Structure formats: C-alpha cells, structure tokens
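To start, the structure under review is shown below, and the notes come after it.
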Amino acid sequence: ERPGCIFRWQDVMRCDRSPQLIESGGEMDAGKAKERLIEIILEKTFKYSENPPFTLVSGRKSNYYFNCKPTTLDPEGMNLIGELVFSMLADSDVGAAGGLTLGADPIANALSVISFQKGRPIRSFIVRREAKDHGTMSGIEGNVKPGDRVAVLDDVITTGGSTITAIQRAKGAGLVVDRVIALIDREEENGRANIEAHGPRVEAVLTRTEIMNRYTGQEIGSLKTVNV
C-alpha cells in the first residue's frame, strides 16, 4: 500500500490528497463526486480560446471546447463517472449501456465495472460507426440481444447527432432504448430537444452551466471555487 491510501476492492480507492468522497456507509457522496469530476474536467478536458475559436462538429465556432477523452480515460475520472452514471440508473431496469464509438466507450466500460462491484451488473456495448463488412456484419458489439432495455451513452451533447445515430442503430438491432445519459450537455444547438424527438428521456451528469460556473469562480455545493 502507498502511504495515505486505503485499498479495498469493494470500495473506491481514496487518498488523503483527494477530497473525501466516501460516506460512512461505504457509498460515494454524489455531490462531492460531481465537484471533483468538474475539477478534473477543468484540468484535463475544458479548453478556452478567444482567438482562434474552436470549430465544432456542426461547423459552428465556439470559444470553448470539451475534449472528454483525457477525463473519461483517466483512472479517477473513470471511477467517478462510473459511480455517477450508476447512481442515475439506480431506479431503472436497464441491463446494458453503450453508444457510438469512441466517445461512449470508456463511459460504458466504467459503468460496467462499477455496477459489477456493486452487485448489479450493467453490460457495456459498442455501436460501430460502420457495420462490419465481414463475419457477423454486426453494427453493435457486446452481450446484448433484441428486447434488452438499454441506456445510450455519449460524452458530449451539442447537436445530438452522434447520440441520435446510436439510438437509431440500437433500435435497429431490436434494443429498447430506455434513456440517454451524456457526460456533458453543452445546452445549445437544440441538442437535448433533437434527441428527445427520438423518444427517450435525456439526462446529463454535468451541464455546461455547472462547469462554466466553476470556471468563472462561482461557488458550487460545499466547495468555493477559483478562476482556472
């Protein structure tokens, strides 16, 4: 063991240098977990530039950009995301979760691992951008079958295009899409409404507003924030 850390496979690893995220009952404090996740996103994922601005997938220009991969592929980030998404599915009968590769993959895998540790396994699946042209010719990979109730995942909602593609592919494979969960909702370009037009409820772990409030130094929850 490293000094200052407690390792228990059934709980989250916690270190003295990190905020205390585990309650006395062994469960993660969701509010503190979100606060810590925002810190990681601001450190690893959030980019701001006045000139030149970023070009989004829609072609629109923006002064800020979320590259989620450094957070969703980070060990602590994955753990926090898995815990938070699992808590969002606690009242559901969803048996599997996944979305369009590549953005959804680490989120689905994080959820799958955490759910297994908590005794309520949620399988992960991958929606290919193009169906295989050989073998099974499958557009979806994973242990899912027609009739399974699933959640479609994505890292960022902007226009909702990649999420809608995943929904359509999942439905085409006979899956029942219960809901959509995104890591970040940019709250623009009618992304959420575009997705909701295809049926499922839409939720986000974090919104642009929550992240930007922290970035600009506003107070969130129990943590006072500073400009980054």
Side-chain angles (χ1 to χ4, degrees), residues 10 28 30 57-58 66 68-69 71-73 77-186 189-207:
Q10 69 271 37
M28 179 172 285
V57 67
S58 64
F66 294 103
C68 290
K69 311 305 185 296
T71 294
T72 60
L73 294 170
M78 290 185 78
N79 188 77
L80 292 168
I81 291 166
E83 288 273 359
L84 288 166
V85 175
F86 180 80
S87 70
M88 295 167 75
L89 291 171
D91 64 346
S92 78
D93 57 356
V94 165
L100 195 66
T101 192
L102 177 67
D105 299 347
I107 301 172
N109 292 338
L111 169 63
S112 187
V113 170
I114 292 296
S115 68
F116 179 81
Q117 292 174 351
K118 290 181 176 292
R120 198 262 194 195
I122 297 174
R123 292 158 281 137
S124 62
F125 66 89
I126 295 170
V127 179
R128 290 179 174 271
R129 290 190 176 272
E130 299 292 339
K132 292 170 64 175
D133 60 1
H134 61 281
T136 61
M137 313 286 284
S138 176
I140 293 182
E141 299 292 345
N143 295 314
V144 290
K145 63 184 184 304
D148 285 352
R149 184 169 293 274
V150 305
V152 167
L153 308 177
D154 212 337
D155 55 358
V156 179
I157 291 175
T158 305
T159 65
S162 63
T163 310
I164 292 168
T165 297
I167 292 170
Q168 293 172 336
R169 299 267 180 85
K171 288 181 175 179
L175 304 179
V176 179
V177 179
D178 180 85
R179 68 189 71 189
V180 166
I181 297 178
L183 175 59
I184 299 171
D185 182 358
R186 286 183 60 109
E189 299 198 47
N190 294 316
R192 183 182 289 251
N194 292 339
I195 297 167
E196 289 174 338
H198 290 261
R201 61 192 272 193
V202 180
E203 302 171 272
V205 177
L206 294 167
T207 64

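Numbers for residues simply follow the sequence, beginning at 1. Since the structure is predicted, the reported quantities are computational estimates derived from the model, not experimental observations.
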Side-chain donor-acceptor pairs under 3.5 Å in residues 156-163, sequence neighbours left out?
from: Thr159; atom 1: OG1; to: Gly161; atom 2: N; distance (Å): 3.2
from: Ser162; atom 1: OG; to: Asp154; atom 2: OD2; distance (Å): 2.6
from: Thr163; atom 1: OG1; to: Asp154; atom 2: OD2; distance (Å): 2.7

Next item on the list: Output all residues satisfying side chain to side chain donor-acceptor pair (under 3.5 Å) with Ser92, sequence neighbours left out; order by chain, then residue number.
Entry: none
Margin query: Checking Ser58 now: which residues fulfil side chain to side chain donor-acceptor pair (under 3.5 Å) with it, not counting sequence neighbours?
Written below: Glu189
Next item on the list: Only counting residues at least two apart or in another chain, list the ones meeting salt bridge (charged side-chain N to carboxylate O under 4.0 Å, His left out) with Lys171.
Entry: none
Check: What pairs of residues pass the side-chain hydrogen bond (donor to acceptor under 3.5 Å, both in side chains) test when at least one of them lies in residues 190-199, not counting sequence neighbours?
Finding: Asp185-Arg192
Next item on the list: Taking the side chain as every heavy atom from C-beta outward, state whether Val113 and Met78 have any atom pair closer than 4.5 Å.
Entry: no
Checklist line | Heavy-atom side-chain contact between Ile184 and Cys68 under 4.5 Å | finding: yes
Anything under 3.5 Å between a donor and an acceptor, one on a side chain of residues 174-183, the other on a protein residue two or more places apart or in another chain? List them.
from: Asp178; atom 1: OD1; to: Arg149; atom 2: NH1; distance (Å): 3.2
from: Arg179; atom 1: NH1; to: Met88; atom 2: O; distance (Å): 3.3
from: Arg179; atom 1: NH1; to: Glu203; atom 2: OE1; distance (Å): 3.4

Checklist line | Pairing residues for Phe66 by the ring pair (Phe, Tyr, Trp, His ring centres under 6.0 Å) criterion, not counting sequence neighbours | finding: Phe46, Tyr64
Among residues at least two apart in sequence or on other chains, which ones pass side chain to side chain contact (heavy atoms under 4.5 Å, CB included) with [X]?
X: Ser124; answer: Ala108, Asn109, Ser112
X: Ala96; answer: Arg123, Phe125, Val144, Val150
X: Ala97; answer: Leu111, Ile122, Ala151, Leu153

